[in-house]
Number of protein chains: 2
Amino acid sequence: MKVSELAKRGGVTAETVRHYTREGLLSPRRHPDNGYQLFSSTDLERLHFIQRARKLGFSVAEIHDILLHADQGDSPCPLVRDLLATRLPQIRARIAELEALAQRMEQALESWQHMPDGTPDGHSLCRLIESFPDESSPQEAL
Amino acid sequence: MKVSELAKRGGVTAETVRHYTREGLLSPRRHPDNGYQLFSSTDLERLHFIQRARKLGFSVAEIHDILLHADQGDSPCPLVRDLLATRLPQIRARIAELEALAQRMEQALESWQHMPDGTPDGHSLCRLIESFPDESSPQEAL
DNA sequence: CTTGACCTGTGTGTAACCCACAGGTTTTAC
DNA sequence: GTAAAACCTGTGGGTTACACACAGGTCAAG
């Protein structure tokens with residue numbers, strides 16, 4: 001099957017299929033006359049595998065590694081365990097960051113309810129933002 | 001003051017100062033002889049403002065808009081309220097996504113404790129990943 | 001004077017896709 | 001058979017907030 005059919009049957013976009021192919025996760029044959037990528041049912045199974053791994057939080061590069069191991073007959077399971085155990089605390093940390101951000105935002109919206117909007121003058125750009133307590137803890141990107 | 005001094009006094013990297021300057025958040029004068037960027041104490045105050053806004057979750061582009069409003073004498077406060085009120089539910093949604101992902105990862109690690117690693121065969125790449133329940137809900141990127 | 005620090009403009013990288021474009025091929029409808 | 005729409009390819013740019021690299025110029029300290 002061609003790109004769109006695999007995408008449709010796998011429940012992803014054709015762009016995603018092409019992306020996974022470029023990243024080496026999928027390896028289609030080529031039609032000899034027009035160069036179109038031809039995927040087999042095995043590729044569909046592999047796409048399902050990729051999706052499972054994505055849902056578990058594995059990155060595309062990590063899935064590529066896992067598939068390399070498997071294709072070489074080596075067990076990727078120790079790698080899989082290690083990657084996930086390493087990634088989980090990172091996800092937890094990210095959740096904590098976002099939770100702290102959400103609370104800051106909620107506090108700001110709460111206190112801003114009773115504040116006038118004001119107009120910029122020589123000393124102030126926006127009193128709302130300037131009224132927010134400036135703690136010296138580093139702020140993380142979203 | 002030059003880039004490094006502003007960065008030091010603002011508690012950020014020189015790279016960050018240069019980035020904010022390129023994005024239009026800071027507008028230094030130029031030394032007439034060597035073209036070096038010269039920042040004033042007003043720029044330092046503006047950097048503090050930017051940091052406050054970043055901590056509240058505003059993006060660099062949004063802060064740019066806010067500063068534009070203020071510099072034109074318009075009150076950016078309605079914009080600020082709107083942006084934050086719009087962004088907060090997005091942050092909450094993101095937290096929920098990551099929480100769901102963390103739980104999936106924890107479940108997987110838990111169930112994998114009692115599973116052997118196995119070796120790839122013709123039908124299986126990695127039994128750990130393949131054993132994970134495949135629900136049809138869409139998975140979001142990290 | 002020399003060396004190290006700093007400055008500039010410019011370009012690349014990060015992650016996982018998404019979109020656009022030019023040009024070629026296939027499919028569909030008439 | 002023809003025309004239009006759909007699809008395919010390779011290639012390049014975009015998204016976010018920085019961080020880093022490089023070549024070349026300038027400044028500060030010894």
Side-chain angles (χ1 to χ4, degrees), chain A residues 1-39 43 47 50-65 83 87 90-91 94 97-98 101 138-142, chain B residues 1-39 43 47 50-65 83 87 90-91 94 97-98 101 138-142:
Chain A
M1 60 192 121
K2 286 178 290 191
V3 171
S4 290
E5 186 170 354
L6 179 68
K8 181 179 174 185
R9 296 173 70 169
V12 298
T13 65
E15 288 287 351
T16 301
V17 170
R18 292 193 182 102
H19 176 64
Y20 290 160
T21 304
R22 284 195 295 269
E23 297 298 318
L25 273 60
L26 294 171
S27 305
R29 288 162 298 121
R30 291 283 183 161
H31 194 290
D33 295 333
N34 57 22
Y36 283 10
Q37 300 177 34
L38 301 177
F39 298 91
D43 292 314
L47 178 58
I50 293 164
Q51 286 167 300
R52 272 197 161 93
R54 288 289 299 121
K55 281 187 64 179
L56 278 174
F58 291 98
S59 70
V60 169
E62 287 166 347
I63 299 171
H64 185 233
D65 278 353
L83 288 173
R87 174 66 67 81
Q90 294 168 359
I91 302 294
R94 185 81 185 109
E97 289 165 10
L98 289 176
L101 173 59
Q139 196 260 350
E140 302 288 349
L142 290 173
Chain B
M1 61 191 122
K2 285 177 290 190
V3 170
S4 289
E5 186 171 355
L6 179 69
K8 181 177 172 186
R9 295 174 69 170
V12 298
T13 65
E15 288 288 349
T16 300
V17 169
R18 293 194 179 103
H19 177 62
Y20 290 159
T21 303
R22 286 195 295 268
E23 298 296 319
L25 273 61
L26 294 170
S27 305
R29 286 163 299 118
R30 290 283 184 161
H31 193 292
D33 294 334
N34 56 22
Y36 283 11
Q37 298 176 36
L38 301 179
F39 297 92
D43 292 313
L47 178 57
I50 292 163
Q51 288 169 297
R52 270 197 161 91
R54 288 288 300 121
K55 282 187 62 178
L56 278 173
F58 291 97
S59 69
V60 169
E62 286 165 348
I63 299 170
H64 185 232
D65 279 352
L83 287 173
R87 174 65 65 83
Q90 294 167 0
I91 301 293
R94 185 81 186 109
E97 289 164 10
L98 288 176
L101 172 60
Q139 194 257 354
E140 301 290 346
L142 289 173

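Predicted, not measured: the structure shown is a model, and the values here were computed from it. To find a chain, count down the sequence lines: A is the first, B the second, and so on, and within it residues start at 1.
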Atom pair distance, as rounded to whole Å: NZ in A:K55 and P in C:dC17: 14 Å
Sugar-phosphate, base or nothing in reach of A:E23, heavy atoms under 4.0 Å: nothing
Under 3.5 Å, which protein N or O atoms sit close to an N or O of nucleotides 18-22 of chain C? Give each pair with its distance.
| unit_1 | atom_1 | unit_2 | atom_2 | d |
| --- | --- | --- | --- | --- |
| C:dC18 | OP2 | A:T13 | OG1 | 2.7 |
| C:dC18 | OP2 | A:T16 | OG1 | 2.8 |

Where A:S59 and A:R87 come nearest, the two heavy atoms and their spacing: CB-NH2, 4.0 Å
Nearest-nucleotide 5' precedence on DNA chain D, B:A61 against B:H31: B:A61
Between C:dT26 (C1') and A:M1 (CE): distance, integer Å: 18 Å
Nearest-nucleotide 5' precedence on DNA chain C, A:N34 against B:G35: B:G35
A:L101 CG to B:I91 CD1 distance, which is reported to the nearest 0.5 Å: 5.0 Å
Rounded distance (Å) that lies between atom C1' of D:dT9 and atom CZ of A:F39: 12 Å
B:E97 CD to C:dA16 P, straight-line distance once rounded to whole Å: 15 Å
Proximity to the side chain of A:R54 - top-ranked nucleotide from C:dC17, D:dT9, D:dA17: C:dC17
CZ on A:R9 to CG on A:D43, rounded to 0.5 Å: 11.5 Å
Could you go through nucleotides 2-7 of chain D and list every protein N or O atom that sits under 3.5 Å from one of its N or O atoms, giving the distance for each pair?
none

Side-chain N,O (A:Y20) to OP1/OP2 (C:dA16) below 4.0 Å: no
Student check: side-chain heavy atoms of A:I50 and A:F58 closer than 4.5 Å: no
Inter-residue atom distance B:R52.CZ - B:L47.CG, 0.5 Å rounding: 11.5 Å
side-chain hydrogen bond (donor to acceptor under 3.5 Å, both in side chains) contacts touching residues 14-30 of chain B (sequence neighbours left out): B:T13-B:T16
Note: B:K8-B:E5 ion pair, threshold 4.0 Å (strictly below): no
Rounded distance [0.5 Å steps], CG in B:L26 versus NE2 in B:H64: 10.5 Å
Distance in angstrom units between B:R30 CZ and C:dC6 C1', rounded: 14 Å
Whole-Å gap separating P (D:dA17) and CZ (A:R94): 12 Å
B:Q37 vs C:dT8: side-chain N/O to OP1/OP2 distance below 4.0 Å: yes
Interatomic distance where CD1 belongs to A:I50 and P belongs to C:dA16 [whole Å]: 12 Å
Nearest-Å distance for atom pair CG/P, residues B:D65 and D:dT16: 12 Å
Distance, nearest 0.5 Å, that separates CZ of A:R54 from CD1 of A:I63: 5.5 Å
Nearest-angstrom distance, P atom, C:dA15 to D:dT11: 23 Å
Nearest-0.5 Å distance that lies between atom CG in B:L83 and atom CG in B:D65: 7.5 Å
D:dG12 versus C:dG11 - spacing of their C1' atoms, nearest Å: 16 Å
